[in-house]
Every structure is written in structure tokens, then in C-alpha cells.
Amino acid sequence: MRRNRQYDYNPRYYDDKGKGNPYKLEPKFDKYRSTLSNQRGLKNKISNALEDTRREGDRTLKIRMVVILAILVFIFLFIIDFDLTIFFF
């Protein structure tokens, strides 16, 4: 009787240390995101939100975001013909 052939197949990106599935694709920054954890309950959600506010970010990014937001608000107010003189004394 004839035996079946056996192949020694190793996937290209196989982790032979046994950590996780070799076929699972994960986004690059998933391990740094705090919103991916499965949180149940209002207390856990609020405590995680407070921890996120305590975490410091890039200061230049925050300043840039505020400037861009202010410019967009002024452009919107100009388009709707809002009287901008109330902001200046």
C-alpha cells in the first residue's frame, strides 16, 4: 500500500517561540492603545478616561491643534458673516 507524502512546511513569518498565531495580522500600534482592552462597567471606563487625560502628549502637537481649530472657527464665523468686532475691544 502506498503512503501519503509528508511535507515539512514552515510559514514565512512563523514565531517558533509559541507566541501567538503566525497568521494573525495586527496593526502596528495596538499594544500602545488603551481603548482596545475589553472594559466592562462604567467605573472602569471612567477611570481609563481619567488615566488618558493624565498622560502627557506632544506639546507642539497640542499647540498646533489649538491654532488650527481657532483658524477654522474664525473662518466659519467669517463665512456666516458673524460680527467679529465683539472679540476686540
Side-chain angles (χ1 to χ4, degrees):
M1 192 163 0
R2 194 172 156 195
R3 293 185 56 187
N4 292 335
R5 294 182 186 176
Q6 292 181 348
Y7 295 100
D8 185 24
Y9 172 72
N10 290 323
R12 180 182 292 182
Y13 300 108
Y14 178 67
D15 183 14
D16 59 346
K17 296 178 180 119
K19 294 181 182 177
N21 186 354
Y23 302 108
K24 185 177 180 183
L25 297 176
E26 295 180 357
K28 190 175 185 179
F29 298 109
D30 271 358
K31 58 184 171 183
Y32 302 111
R33 292 188 178 130
S34 61
T35 56
L36 290 178
S37 60
N38 190 5
Q39 307 157 353
R40 300 202 65 171
L42 186 61
K43 183 179 177 184
N44 288 336
K45 290 180 182 180
I46 291 175
S47 65
N48 287 334
L50 290 175
E51 286 176 16
D52 286 343
T53 59
R54 290 186 194 122
R55 197 175 311 145
E56 288 194 29
D58 189 10
R59 183 181 172 141
T60 58
L61 179 68
K62 289 180 182 178
I63 293 172
R64 186 181 312 137
M65 193 68 172
V66 168
V67 169
I68 290 172
L69 187 65
I71 290 172
L72 289 175
V73 166
F74 279 120
I75 289 173
F76 173 74
L77 291 176
F78 181 75
I79 289 174
I80 66 168
D81 202 25
F82 186 76
D83 188 17
L84 296 176
T85 57
I86 63 169
F87 294 118
F88 308 107
F89 297 109

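What you see below is based on every heavy atom in this structure, not just the backbone, and it leaves out hydrogens, waters and symmetry mates.
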- Message: Return the CG to CZ distance between Leu69 and Phe74, rounded to the nearest 0.5 Å.
- Response: 10.5 Å

- Query: With side chains defined as the heavy atoms from C-beta onward, is the minimum distance between Ile68 and Arg64 less than 4.5 Å?
  - Reply: yes

- Query: CG of Leu77 to CG of Leu72: how many Å apart, nearest 0.5 Å?
  - Reply: 11.0 Å

- Message: Is there a path of hydrophobic side-chain contacts, each under 4.5 Å between heavy atoms, that joins Leu42 and Leu50?
- Response: yes

- Message: Nearest 0.5 Å, please: how far is CD1 in Ile79 from CD1 in Ile75?
- Response: 7.0 Å

- Mind checking whether Val66 and Val73 sit in one hydrophobic cluster, side chains of I, L, V, M, F, W, Y counted as touching below 4.5 Å? no

